[in-house]
Amino acid sequence: MATEIPVMLVAEASAAVDTVHASTDAVAGMHEAGAALHSKVFPPFDPSSFGAQLIWLTLTFVILYFAMSRLALPRIASIIELRKARIDGDLSAADAARQKTDAAITSYEAAVAAARAKSQAIAEETRNAIKADIDAKRKSVEADLFKTIADAEANIQAAKSAAIYHVSEIAADTVKALVTQLTGSATHDEALKAVTTVTKE
Amino acid sequence: MADPNKVDPIHQFGLTNIFTFGDGGLGFTNSALFMVLTVVLIVTFLLGSTTGRSMVPGRAQVVAETLYDFVANMVRGAAGAEGMKFFPFVFSLFMFVLMANMFGMIPFFFTTTSHIIVPAALAILVFLVVVGYGLYRNGFKFFKLFVPAGVPGYVLPIVVPIEIVSFMSRPISLSVRLFANILAGHITLKVFAGFVYSLGSLGILGFLGASLPLIMTVAITALEFLVAALQAYVFAVLTSMYINDAIHPSH
């Protein structure tokens with residue numbers, strides 16, 4: 001029996017490869033050969049079980065289909081979609097951050113350059129201002145000095161001429177006194193005139 | 001079957017009633033039980049692993065997402081973006097066949113796909129979906145499917161019948177491929193495992209001889225895992241390609 005069955009099954013398998021009809025014929029043949037014993041029918045081809053199996057298959061497969069199409073697959077799809085969106089978002093955020101960093105570096109460099117230029121300008125300006133200030137102060141001091149010198153010179157001149165005038169007055173007084181002593185009469189004007197004539201020579 | 005010492009490789013395919021609805025009504029067999037278990041496992045796993053909706057997925061969620069991506073890429077690759085409306089259908093088929101096959105790999109578990117009616121019903125469903133959607137979307141242009149473009153007119157009387165026959169035989173080839181692979185695999189496995197048992201009971205020489213079928217049993221078990229996954233994949237890929245035919249009937 002142990003050797004018979006595989007031989008019988010090889011025949012079965014080859015029949016199965018042919019067509020379903022051929023196989024069911026074989027089953028029918030077996031059914032007759034197997035007498036009334038239900039267990040002798042090759043179960044995979046037993047048409048009496050087809051109806052019940054079809055009903056259960058329909059029931060289970062319909063449930064499976066709706067569970068897949070309504071619950072499981074949309075959920076997995078949304079998970080994958082969400083992850084993809086997240087990864088894309090993170091990547092673009094990273095890109096944006098990188099661009100921001102680049103912009104920050106550029107603006108920093110620009111700011112440094114501007115600050116350097118500004119500091120140079122301020123230094124230049126300060127230098128010029130100080131120079132101008134010094135110049136102005138020096139000029140005013142010089143002007144003051146010149147004025148003082150001029151005043152002093154004027155004072156000296158005034159003092160000199162005053163001194164000279166006083167000399168003439170004294171000489172005129174002396175001359176008048178002398179002439180009065182000698183001649184008895186002489187006016188102040190005459191004396192002054194005479195002195196002037198003398199000093200001019 | 002009555003003799004416990006005799007190995008019966010057919011026994012594993014037998015249907016047993018677990019309970020019956022009503023008097024002589026619809027029976028809940030081991031086949032029905034494993035269909036229900038298949039669906040329950042798929043739904044609980046896919047929903048359970050994704051309840052967290054984690055941005056950084058755990059192991060279970062990675063498996064769920066990988067299955068999703070795998071089938072989604074398969075459908076998109078075969079049938080294009082428009083084919084994605086059939087993605088839940090193909091995904092359900094793939095998961096159902098895969099899980100039913102994998103359940104079958106556990107000892108004492110029933111393999112629902114080993115009964116011709118289950119793959120046949122699924123294949124006929126695919127066929128009806130393809131024909132129905134093809135006619136709905138393309139109208140009579142759908143029949144261009146049977147007239148390959150660029151074939152000279154005088155060859156058409158030969159080509160068109162061939163195309164029609166090949167199209168009509170699709171549900172048969174689709175179902176028989178899956179069913180025959182699973183059935184043959186399980187029988188082979190059982191027969192080789194039976195050899196181990198019968199040889200092992202023949203004394204010391206037979207005990208040594210039994211190591212050969214034992215090695216074979218291990219090897220075939222590994223092969224059957226491959227076949228179980230591969231047949232689910234083949235079923236889903238072919239479904240995607242047939243759906244592509246419904247969307248784009250002109251070759």
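Numbers restart at 1 for each chain; the letters A, B, ... are given by sequence-line order, proteins then strands.
A ring-centre distance under 6.0 Å is found for F110(B) and H115(B). Aromatic ring centres of Y242(B) and F127(B): separated by at least 6.0 Å. Taking the six-membered ring wherever Trp is involved, the centroid distance between the rings of F179(B) and F45(A) falls below 6.0 Å. Ring centroids of F91(B) and F94(B) are separated by 6.0 Å or more, keeping the two rings apart.
Residue T113(B) is tested with L178(B), N181(B), L122(B) for a side chain to side chain contact (heavy atoms under 4.5 Å, CB included); the sole match is L178(B).
Between chain B and the residues A67(A), A77(A), A52(A), the most heavy-atom pairs under 4.5 angstrom are made by A77(A). For the options S173(B), A121(B), S54(B), A32(B), heavy-atom pairs under 4.5 Å to chain A are most numerous at A32(B). Between chain A and the options F87(B), F13(B), Y68(B), heavy-atom pairs under 4.5 Å are most frequent for Y68(B).
Nearest approach of F192(B) to P213(B), heavy atoms of both residues: O-CB, 3.6 Å. Closest non-hydrogen pair, S114(B) versus P44(A), comes out as O-CB, 3.3 Å. Nearest heavy atoms, T111(B) versus G104(B): OG1-CA, 3.3 Å.
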- What do the steps show when you test R75(A) against T51(B) for side-chain contact (heavy atoms from CB on, under 4.5 Å), and what is the final call? CA-CA 9 Å; R75(A) 189 190 281 183; T51(B) 32; 3.7 Å; yes
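Contact of I55(A) with chain B is made through the side chain alone, with heavy-atom distances under 4.5 Å. For chain A, the nearby parts of L93(B) are the backbone and the side chain; heavy atoms of each come within less than 4.5 Å. With a 4.5 angstrom heavy-atom cutoff, S78(A) touches chain B only via side-chain atoms.
By a heavy-atom distance cut of under 4.5 Å, I79(A), I80(A), L82(A), R83(A), R86(A) are the residues of residues 79-96 of chain A near chain B, going up by number.
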